[in-house]
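A quick write-up on the structure given underneath.
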Amino acid sequence: MIIELHIIQNFAPSNLNRDDSNAPKDCEFGGYRRARISSQCIKRSVRRHPAFAEAVKKGGGDVGVRTKRIKKRMEEIFTGTYGKAPDEAEKTAIAVIELLGLKLSDADKTEYLLYLGENEVSEIAKLAIAAWDVFQKGDSGKEKGKKKKDSTPDELKKVQSDLIAVVSKSRKEARSYAADIALFGRMIADNKNMSVDAACQVAHAISTHKVDMEMDYFTAIDDLLPGEDTGSDMIGTVEFNSSCFYRYSLIDIKKLGANLGFNEDLLKAVVLGYLEATIKAIPTGKQNSMAAQNPAGYVCVVVKKDGFPWSLANAFQMPVAASREDSIEERSISALLDYYDRLVKIYGGSSILYDGHINLYELQSQSLDQMLQNVGNVLP
């Protein structure tokens, strides 16, 4: 079973997702320049949205944290939760990180961002506490300045095996990852067994129309400027655009169920939390100066019993344009529905278990809550 989410969303002038030059991200599609919001930006907005965290916690799950500061986090647990001395806590945290096959930089951060669930961090901390005396006897076995082929003491090898099992996908029994890790996956370069295959695919959002970048020239004047002085004390420019986006993502329900330890209640909570958060979440880029808080004009959720996903991006190969009668968002919705009907006619719709939508431009449209409830009724 797969669940697909299609969204049409028009934004006022904004710069929601910037590139390295602080310009709104863009791309070429169908031979025309389009505005773009990266999938990474969308996923962060979703997993940080309250609707996602609330749904997951109600389902008995937890969410992950992405950080380089796992050493500091473990030290806080050792000292705060277990009342250990700060110097012992630091020594143990360093040893645990080494036993996991990870490295610390000079700033006491890991070399790259780690994506761990709070349940994983808690399990690691419990194992470390159980072996506390062993960790205090010495280092993790690595001699200063050199690294032996197998330098881990025998008394730490069992601890190391247990620590790795907490975050390893090679663990035999069913296990539940943090909800966002279960959805979006995890890649650890130094330890492939810590990697998690994603159950969710998220496309880069692209504008349904051709886009032209705009430039905002602004000045700022000193409030305490003497009366005889004139001129501004700051001059700058900001690039922006106003775009109507097509957004698409899909969830592999079987894979998500496996990543969540085959917990059906948690599975339903994560799916519905993801759908609600994705529909409501808006990237935060330049929002304080542009406030592009525009809700989606159209949302469609399709539940299929087999894995034949349909992105509807090709509905916009030819850029959509507003007319005297219809807005750019309405024209985009019409183009999407027409393309979807063509796909159903050619490929058939026998695998579709549920096909529901909300539409701001339909007076009789169902509500978001009604649609989510209908999706929940179809889930296993």
Side-chain angles (χ1 to χ4, degrees), residues 1-10 29-30 39 42 46 183 197-209 244-259 264 267-280 295-320 326 328-380:
M1 178 185 287
I2 63 170
I3 296 180
E4 296 180 287
L5 180 60
H6 308 276
I7 298 175
I8 298 293
Q9 190 166 13
N10 187 51
F29 178 69
S39 59
I42 294 171
V46 170
L183 277 167
D197 294 331
C200 179
Q201 299 176 9
V202 181
H204 291 237
I206 58 171
S207 65
T208 62
H209 52 88
C244 181
F245 288 96
Y246 167 66
R247 298 169 51 199
Y248 171 72
S249 63
L250 70 94
I251 301 173
D252 181 331
I253 296 299
K254 183 178 179 180
K255 179 60 182 172
L256 181 59
N259 284 353
E264 291 186 358
L267 171 67
K268 182 175 290 189
V270 171
V271 170
L272 296 182
Y274 170 78
L275 293 175
E276 182 179 356
T278 302
I279 292 165
K280 293 180 176 179
Y298 177 83
V299 178
C300 177
V301 178
V302 181
V303 183
K304 296 178 179 176
K305 63 184 177 184
D306 62 26
F308 184 25
W310 298 344
S311 166
L312 305 181
N314 281 342
F316 311 107
Q317 290 183 82
M318 290 299 295
V320 173
D326 297 318
I328 192 77
E329 194 167 51
E330 289 174 284
R331 293 294 297 274
S332 298
I333 294 169
S334 296
L336 181 140
L337 291 174
D338 179 66
Y339 185 72
Y340 180 71
D341 288 343
R342 289 169 184 261
L343 288 177
V344 172
K345 183 178 179 180
I346 296 297
Y347 294 105
S350 59
S351 67
I352 297 174
L353 301 175
Y354 174 76
D355 176 355
H357 67 262
I358 55 176
N359 190 338
L360 283 178
Y361 303 95
E362 283 184 0
L363 294 177
Q364 302 302 318
S365 175
Q366 65 178 325
S367 68
L368 173 59
D369 288 343
Q370 289 172 328
M371 185 176 70
L372 292 176
Q373 184 177 353
N374 291 335
V375 173
N377 292 336
V378 180
L379 290 174

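In this chain, numbering begins with 1 at the start of the sequence shown. Excluded from the calculations below are hydrogen atoms, water molecules and symmetry mates; all remaining heavy atoms, backbone and side chain alike, are included.
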Quiz prompt | Closest heavy-atom pair and its distance - Phe316, Ser332 | solution =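 The answer is CE2-O, 3.5 Å.
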Exercise. Start with the C-alpha distance between Asp338 and Arg342, add both sets of side-chain angles, then the distance that settles salt bridge (charged side-chain N to carboxylate O under 4.0 Å, His left out), and finish with yes or no.
Key: CA-CA 6 Å; Asp338 179 66; Arg342 289 169 184 261; 3.0 Å; yes
Exercise. Start with the C-alpha gap between Tyr274 and Ser249, add the side-chain angles, then the distance that decides, and say whether side-chain contact (heavy atoms from CB on, under 4.5 Å) holds.
Key: CA-CA 10 Å; Tyr274 170 78; Ser249 63; 2.8 Å; yes
Quick one: pull up [atom1] in [X] and [atom2] in [Y] and give me the separation to the nearest 0.5 Å.
X      : Y      : atom1 : atom2 : result
Leu360 : Glu330 : CG    : CD    : 10.0 Å
Asn374 : Asp369 : CG    : CG    : 11.0 Å
Arg247 : Ser39  : CZ    : OG    : 12.0 Å
Ile2   : Lys254 : CD1   : NZ    : 13.5 Å
Gln370 : Leu372 : CD    : CG    : 10.5 Å
His6   : Tyr339 : NE2   : OH    : 10.5 Å

Quick check: do [X] and [Y] have side-chain heavy atoms less than 4.5 Å from each other?
X      : Y      : result
Met371 : Ile279 : yes
Leu353 : Met1   : yes
Leu337 : Ile333 : yes

Exercise. Measure up the Trp310 and Phe308 rings against each other and bin them: parallel (under 30°), tilted (30 to 60°), perpendicular (over 60°).
Key: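 Perpendicular.
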Quiz item: Can you name the residues that form a side-chain hydrogen bond (donor to acceptor under 3.5 Å, both in side chains) with Tyr347, not counting sequence neighbours?
Solution: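 For Tyr347 there are no side-chain hydrogen bond (donor to acceptor under 3.5 Å, both in side chains) partners, ignoring immediate neighbours.
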Quiz item: Can you check whether Asp197's main-chain N or O pairs, donor with acceptor, with Asn259's side chain at less than 3.5 Å?
Solution: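 Present.
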Self-check item: Partners meeting salt bridge (Lys or Arg N to Asp or Glu O under 4.0 Å) with Lys305 (sequence neighbours left out)
Solution: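 If we apply the salt bridge (Lys or Arg N to Asp or Glu O under 4.0 Å) test to Lys305, skipping adjacent residues, there are no hits.
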Practice problem: May I have the step-by-step check of side-chain hydrogen bond (donor to acceptor under 3.5 Å, both in side chains) for Glu329 and Tyr298, ending in yes or no? | Solution: CA-CA 9 Å; Glu329 194 167 51; Tyr298 177 83; over 6 Å; no
Quiz item: Taking it one step at a time, do Asp326 and Tyr361 satisfy side-chain hydrogen bond (donor to acceptor under 3.5 Å, both in side chains)?
Solution: CA-CA 10 Å; Asp326 297 318; Tyr361 303 95; over 6 Å; no
